[in-house]
Amino acid sequence: MGNSAAPKSGVFIADKPQGVTSHDVVAAFRAALHMKRVGHAGTLDPMATGVLIVGFGHATRLLNYISGHDKSYRATIRLGIATTTDDAEGEYREYDDARTDGEAARETSSPLTVSDLTLTRLNDLVQRHFTGEIEQVPSSYSAVKVHGVKAYDLARAGQPVELKARTVVISSFVLSNLRSSQLVLQDGSHRDVVDVDAEVSCSSGTYIRALARDLGAMLGAGGHLTSLRRTRIGAFDLADSRICQSACSLTCGEKTFTNRQGETVTKHRAMFPSTENLWDGAFDEVEAARLSMPCVEISEEQAQDCRYGRSIAVGVESTTAAIETLDDGSQRLCAILESEKTGQSHPVTVFPLED
């Protein structure tokens with residue numbers, strides 16, 4: 001980070017803007033870095049903002065490990081009406097008690113009105129039903145694949161989507177700042193709703209949209225997400241001043257092009273306000289590994305064994321990064337180790353020597 005010589009391999013912490021896809025952010029980095037080997041860990045929906053880890057060079061091999069870390073979010077949930085996508089990008093729909101898309105069982109025998117809702121009541125509901133280990137059905141408009149096809153592609157085509165519940169862990173879910181408002185619907189009618197802010201820390205694979213959907217369903221009133229910001233992936237936490245200062249801000253712009261059918265198309269794209277100091281925010285692959293998992297230092301001989309895929313006499317308790325210290329005092333990432341047997345570990349991911 002802040003090295004005079006730009007690393008050939010490492011990660012950036014991108015602060016994704018609203019309105020672009022995670023792939024759009026990767027495309028912006030590819031263009032700015034003049035590199036093809038660029039990827040990201042932990043997809044964010046176009047509506048969402050916040051922490052997106054972007055890897056480049058051989059450090060892209062760290063991304064699968066980073067994406068599996070627990071995450072933290074700040075969100076706003078609207079209660080009183082549901083949407084087709086469980087977030088603000090979908091169309092309003094009436095809450096249907098008979099739906100079977102994973103909505104939670106109703107807490108009360110009759111729907112609650114806006115005036116019934118208090119922070120105390122909502123937080124009690126969240127603590128009893130949406131904290132700890134829970135079963136969650138992802139949103140129909142998600143990237144979960146059904147027989148090789150992404151669920152959102154099926155949903156957009158009007159086909160039924162049946163997704164299985166998965167176990168997720170919600171370590172913290174706290175609501176605050178309850179406020180009432182009134183929507184004017186497309187038919188001219190009015191709908192009383194409440195917005196409430198949420199802070200959630202959860203395991204990888206948790207859908208915050210599904211939490212909003214299921215909370216509204218449990219109240220018998222419907223619910224959806226109106227804003228979402230990811231603030232943390234594992235140790236990559238915007239609350240850490242070093243991480244926050246290193247985060248790369250992007251903006252949402254537009255690009256106009258002619259497609260294969262000869263039509264002029266305008267789409268959103270991620271853009272850097274300036275790339276002048278972009279490399280100041282880079283973490284080299286050793287720094288990235290230290291933020292991603294436990295690390296162990298190994299000898300030159302052990303490093304060579306790792307690169308040939310041979311087990312080494314190093315005991316590890318969990319997934320661990322193997323780091324070699326060179327004669328000049330610099331370090332390089334050699335491999336990711338998994339425990340093989342007592343006192344032995346095996347490289348499951350190897351990082352080649354830089355060209």
Side-chain angles (χ1 to χ4, degrees), residues 6-57 59-60 63 66-67 73-76 83-91 139-145 149-158 207-209 224-231 233 236 238 244 246-283:
K8 295 182 179 180
S9 177
V11 303
F12 287 94
I13 298 121
D15 190 346
K16 177 190 165 303
Q18 188 174 22
V20 299
T21 67
S22 298
H23 180 74
D24 291 333
V25 173
V26 169
F29 273 94
R30 281 191 181 130
L33 302 178
H34 305 290
M35 289 185 182
K36 290 183 178 180
R37 187 181 293 174
V38 181
H40 69 83
T43 301
L44 283 172
D45 292 331
M47 187 188 83
T49 67
V51 176
L52 185 72
I53 307 301
V54 176
F56 61 94
T60 53
L63 296 177
I66 295 173
S67 64
Y73 298 88
R74 291 202 305 265
T76 300
T83 71
T84 52
T85 59
D86 304 324
D87 63 17
E89 296 194 335
E91 297 179 358
S139 170
S140 298
Y141 283 81
S142 66
V144 176
K145 289 189 176 180
V149 181
K150 291 180 179 179
Y152 60 68
D153 287 332
L154 294 173
R156 287 168 183 161
Y207 283 83
I208 309 301
R209 279 185 293 158
H224 67 278
L225 209 61
T226 62
S227 71
L228 181 66
R229 179 169 177 77
R230 185 158 64 197
T231 58
I233 301 179
F236 297 93
L238 291 180
C244 186
S246 301
C248 303
S249 296
L250 295 93
T251 60
C252 178
E254 290 186 341
K255 61 179 178 180
T256 301
F257 58 95
T258 302
N259 64 18
R260 293 179 179 179
Q261 288 73 42
E263 302 166 329
T264 300
V265 178
T266 299
K267 288 188 175 182
H268 289 158
R269 67 168 177 166
M271 302 172 60
F272 290 102
S274 170
T275 59
E276 183 179 356
N277 299 312
L278 180 61
W279 284 108
D280 290 346
F283 291 79

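Sequential numbering from 1 along the given sequence is applied to the chain's residues.
At a threshold of 4.5 Å between non-hydrogen side-chain atoms, the residues Ile13 and Ile233 do not count as touching. Here the side chains of His268 and Glu254 are in contact, with some heavy-atom distance below 4.5 Å. Side-chain contact between Val20 and Cys252: present, with at least one pair of heavy atoms (C-beta onward) separated by less than 4.5 Å. With contacts defined as side-chain heavy-atom distances shorter than 4.5 Å, the pair Val11/Phe236 qualifies.
Rounded to the nearest 0.5 angstrom, Thr231 OG1 and Asp15 CG are separated by 11.0 Å. Distance check: Met47 CE to Gln18 CD gives 7.0 Å after rounding to the nearest 0.5 Å. Rounding to the nearest 0.5 angstrom, the gap separating the CZ atom in Phe12 from the CD1 atom in Ile53 is 11.5 Å. Note that the CZ atom of Arg269 and the OG1 atom of Thr21 stand 13.5 Å from one another [nearest 0.5 Å]. We find the NE2-CG distance between His224 and Asp87 to be 8.0 Å, quoted to the nearest 0.5 Å. Between Leu238 atom CG and Arg230 atom CZ the span is 10.5 Å, to the nearest 0.5 Å.
The closest donor-acceptor contact from the side chain of Ser9 to the backbone of Ala59 lies under 3.5 Å. Distance alone, capped at 3.5 Å, is enough to place a donor-acceptor pair between the Lys16 side chain and the Pro46 backbone. In terms of modelled atom types and a separation under 3.5 Å, the side chain of His40 and the main chain of Ser22 share no donor-acceptor contact. A donor-acceptor pair under 3.5 Å links the side-chain atoms of Thr226 to the main chain of Thr76, judged by distance alone. Checking side-chain atoms of Thr85 against main-chain N and O of Gly90 turns up a donor-acceptor pair under 3.5 Å.
Between Leu278 and Cys248 the shortest heavy-atom distance is CD1-SG, 3.8 Å. When all heavy atoms are compared, the tightest approach of Thr60 to Gly55 is CG2-O, 3.5 Å. The minimum heavy-atom distance linking Val25 with Ala14 is given by the pair CG1-CB, 4.0 Å. Nearest heavy atom pair, residue Val51 against residue Leu44, reads O-CD1, 3.7 Å. Across every non-hydrogen atom of Ala28 and Ala270, the tightest pair is CB-O, 3.5 Å. Between Lys267 and Val265, the closest heavy-atom pair is CG-CG1, 3.9 Å.
For Arg229, the CZ atom is densely surrounded, since the number of other residues' heavy atoms within 6.0 Å is greater than 12.
Under the salt bridge (charged side-chain N to carboxylate O under 4.0 Å, His left out) criterion, Asp24 pairs with no residue at all, not counting sequence neighbours.
Applying the salt bridge (charged side-chain N to carboxylate O under 4.0 Å, His left out) test to pairs two or more places apart or on separate chains, those with a residue in residues 32-47 are Asp45-Arg209.
Put simply, the residue from Phe29, Trp279, Phe283 that forms a ring-ring contact (aromatic ring centres under 6.0 Å, His included) with Phe56 is Trp279.
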